[in-house]
Engineer: 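Before anything else, here's the structure in question.
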Amino acid sequence: QVQLVESGGGLVQAGGSLRLSCAASGPTFSSLTMGWFRQAPGKEREFAAAISKTGGSTNYADSVKGRFTISRDNAKNTVYLQMISLKPEDTAIYYCAARLNSVLSTQGGRYDYWGQGTQVTVSS
């Protein structure tokens with residue numbers, strides 16, 4: 001069983017930055033493909049970013065490309081989401097997810113494990 005715990009959310013002004021962290025426990029972290037998803041109030045959950053098991057490949061939603069960077073530290077069992085140039089429309093609960101398959105899927109249903117989420121609020 002994999003447990004994921006997100007941290008780093010908060011309130012930031014538009015144009016600001018935040019770095020989210022997701023600490024994993026359970027089976028070997030390096031065997032997991034990791035992703036970040038987000039869900040804004042009244043909207044469906046959407047894909048933000050994903051990273052391969054080694055960190056050599058990444059995938060981003062068009063809405064965050066160029067502003068968000070996903071990375072991982074397998075020695076620390078942690079995946080990160082660095083967010084810059086934040087916009088009010090980035091306001092959402094951000095979820096960390098993990099899957100055993102190697103494909104960097106953008107579909108939440110393809111992920112096997114989920115964290116509880118961390119709130120990010122961007123004020124205008």
Side-chain angles (χ1 to χ4, degrees):
Q1 188 71 14
V2 176
Q3 293 184 326
L4 304 172
V5 179
E6 302 96 334
S7 61
L11 173 64
V12 64
Q13 289 188 331
S17 303
L18 280 176
R19 188 177 81 156
L20 306 183
S21 299
C22 172
S25 62
T28 306
F29 180 69
S30 60
S31 69
L32 301 170
T33 297
M34 302 299 297
W36 284 98
F37 290 77
R38 64 185 185 180
Q39 186 167 19
K43 295 187 177 181
E44 293 186 353
R45 182 180 62 195
E46 65 175 8
F47 169 77
I51 189 166
S52 63
K53 298 176 182 181
T54 63
S57 297
T58 56
N59 189 20
Y60 295 94
D62 288 342
S63 58
V64 307
K65 200 172 294 183
R67 300 187 300 119
F68 290 11
T69 302
I70 188 171
S71 62
R72 65 190 295 162
D73 186 337
N74 285 351
K76 295 183 178 180
N77 287 5
T78 302
V79 62
Y80 305 97
L81 187 67
Q82 178 68 52
M83 307 183 293
I84 66 171
S85 301
L86 284 162
K87 306 175 183 179
E89 51 263 45
D90 293 318
T91 295
I93 299 175
Y94 282 71
Y95 296 93
C96 174
R99 66 185 309 227
L100 297 170
N101 191 284
S102 298
V103 175
L104 304 186
S105 178
T106 63
Q107 300 178 46
R110 302 285 188 182
Y111 286 77
D112 304 301
Y113 306 100
W114 291 83
Q116 294 293 94
T118 185
Q119 176 71 48
V120 171
T121 303
V122 184
S123 63
S124 57

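Note that the structure is predicted; figures quoted are calculated from it, not measured.
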Engineer: So, for Ile93 and Gly117, which heavy atoms are closest and what is the spacing to 0.1 Å?
Structural biologist: CG2-CA, 3.9 Å
Engineer: With rounding to the nearest 0.5 angstrom, report the OG1 to CG distance, Thr54 to Asn74.
Structural biologist: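 Here the interatomic distance stands at 8.0 Å.
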Engineer: Quick one: closest heavy-atom pair of Val79 and Ser71, and the distance?
Structural biologist: CG2-O, 3.1 Å
Engineer: Find out if a path of hydrophobic residues (ILVMFWY) with successive side-chain heavy-atom gaps under 4.5 Å connects Val2 to Phe29.
Structural biologist: yes
Engineer: Applying side chain to side chain contact (heavy atoms under 4.5 Å, CB included), can you list everything that pairs with Val103, at least two apart in sequence or on another chain?
Structural biologist: Arg99, Asn101
Engineer: Where the side chain of Thr91 meets the backbone of Val122, is there a donor-acceptor pair that is under 3.5 Å apart?
Structural biologist: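 Flag set: sc Thr91 to bb Val122 pair under 3.5 Å.
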Engineer: Measure the spacing between CD of Gln13 and OG of Ser123 and express it to the nearest 0.5 Å.
Structural biologist: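 Spacing of CD (Gln13) from OG (Ser123) equals 5.0 Å.
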Engineer: What I'd like to find out is whether the side chain of Met83 reaches to under 4.5 Å of the side chain of Val120, using heavy atoms alone.
Structural biologist: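 The answer is yes; the side chains approach within 4.5 Å.
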Engineer: Under the salt bridge (Lys or Arg N to Asp or Glu O under 4.0 Å) rule, what pairs show up with a residue in residues 105-115, not counting sequence neighbours?
Structural biologist: none
Engineer: With a 4.5 Å cut-off on side-chain heavy-atom distances among I, L, V, M, F, W and Y, is there a chain of contacts connecting Met34 to Phe68?
Structural biologist: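 Yes.
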Engineer: What side-chain donor-acceptor pairs closer than 3.5 Å can you find for residues 38-53, not counting sequence neighbours?
Structural biologist:
residue: Arg38; atom: NE; partner: Glu46; partner atom: OE2; Å: 2.6
residue: Arg38; atom: NH1; partner: Asp90; partner atom: OD1; Å: 2.9
residue: Arg38; atom: NH1; partner: Tyr94; partner atom: OH; Å: 2.9
residue: Arg38; atom: NH2; partner: Glu46; partner atom: OE2; Å: 3.0
residue: Arg38; atom: NH2; partner: Ser63; partner atom: OG; Å: 3.4
residue: Gln39; atom: NE2; partner: Lys43; partner atom: O; Å: 3.1
residue: Ser52; atom: OG; partner: Gly55; partner atom: N; Å: 3.3
residue: Ser52; atom: OG; partner: Gly56; partner atom: N; Å: 3.2
residue: Ser52; atom: OG; partner: Ser57; partner atom: N; Å: 3.0
residue: Ser52; atom: OG; partner: Ser57; partner atom: O; Å: 3.4
residue: Lys53; atom: NZ; partner: Ser31; partner atom: O; Å: 3.4
residue: Lys53; atom: NZ; partner: Leu100; partner atom: O; Å: 3.0
residue: Lys53; atom: NZ; partner: Ser102; partner atom: OG; Å: 3.3

Engineer: Under the criterion side chain to side chain contact (heavy atoms under 4.5 Å, CB included), I'd like the reasoning laid out for Trp36 against Cys96: C-alpha separation, chi angles, the key distance, then a yes or no.
Structural biologist: CA-CA 5 Å; Trp36 284 98; Cys96 174; 4.0 Å; yes
Engineer: Nearest 0.5 Å please: distance from the OG atom of Ser17 over to the CZ atom of Arg67.
Structural biologist: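 Ser17 OG to Arg67 CZ: 10.5 Å, rounded to 0.5 Å.
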Engineer: Are Leu81 and Val12 grouped together when hydrophobic residues (ILVMFWY) are joined by side-chain heavy atoms under 4.5 angstrom apart?
Structural biologist: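 Looking at the clustering, Val12 is in the same group as Leu81.
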Engineer: Listing request: all salt bridge (Lys or Arg N to Asp or Glu O under 4.0 Å) pairs with a residue in residues 56-66, at least two apart in sequence or in separate chains.
Structural biologist: Asp62-Lys65
Engineer: Compare all side-chain heavy atoms of Tyr113 with those of Gln1 and state whether any distance is below 4.5 angstrom.
Structural biologist: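 The answer is yes, as the side chains (C-beta and beyond) meet within the 4.5 Å cut-off.
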Engineer: State whether the number of non-hydrogen atoms from other residues, nucleotides or ligands found under 6.0 Å of Glu89 atom CD is greater than 12.
Structural biologist: yes
Engineer: Output all residues satisfying side chain to side chain contact (heavy atoms under 4.5 Å, CB included) with Ala23, sequence neighbours left out; order by chain, then residue number.
Structural biologist: Thr78
Engineer: Is there a path of hydrophobic side-chain contacts, each under 4.5 Å between heavy atoms of I, L, V, M, F, W or Y residues, that connects Tyr95 with Leu104?
Structural biologist: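 Each belongs to a different hydrophobic cluster.
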Engineer: For a 4.5 angstrom cut-off between non-hydrogen side-chain atoms, does Asp73 reach Tyr80?
Structural biologist: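 Yes, their side chains come closer than 4.5 Å.
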Engineer: Roughly how far apart are Gln82 CD and Leu18 CG, rounded to 0.5 Å?
Structural biologist: 8.5 Å
Engineer: Holding to side chain to side chain donor-acceptor pair (under 3.5 Å), I want the full list of residues that pass it with Gln119, two or more places apart in sequence or in another chain.
Structural biologist: Thr121
Engineer: Please name the pair of heavy atoms, one in Leu32 and one in Ala98, separated by the smallest distance, quoted to 0.1 Å.
Structural biologist: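 Answer, listing the atom of Leu32 first, then Ala98: CD1-CB, 4.1 Å.
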Engineer: Please answer whether the main-chain N or O of Gln116 pairs with a side-chain N or O of Glu6 as donor and acceptor at a distance below 3.5 Å.
Structural biologist: yes
Engineer: So, does Thr28 use its side chain to make a donor-acceptor pair with the main chain of Ser30 at under 3.5 Å?
Structural biologist: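 Looks like no, no N/O pair under 3.5 Å.
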Engineer: Is there a side-chain contact between Phe37 and Tyr111 (heavy atoms, below 4.5 Å)?
Structural biologist: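 Yes. Closest side-chain heavy atoms under 4.5 Å.
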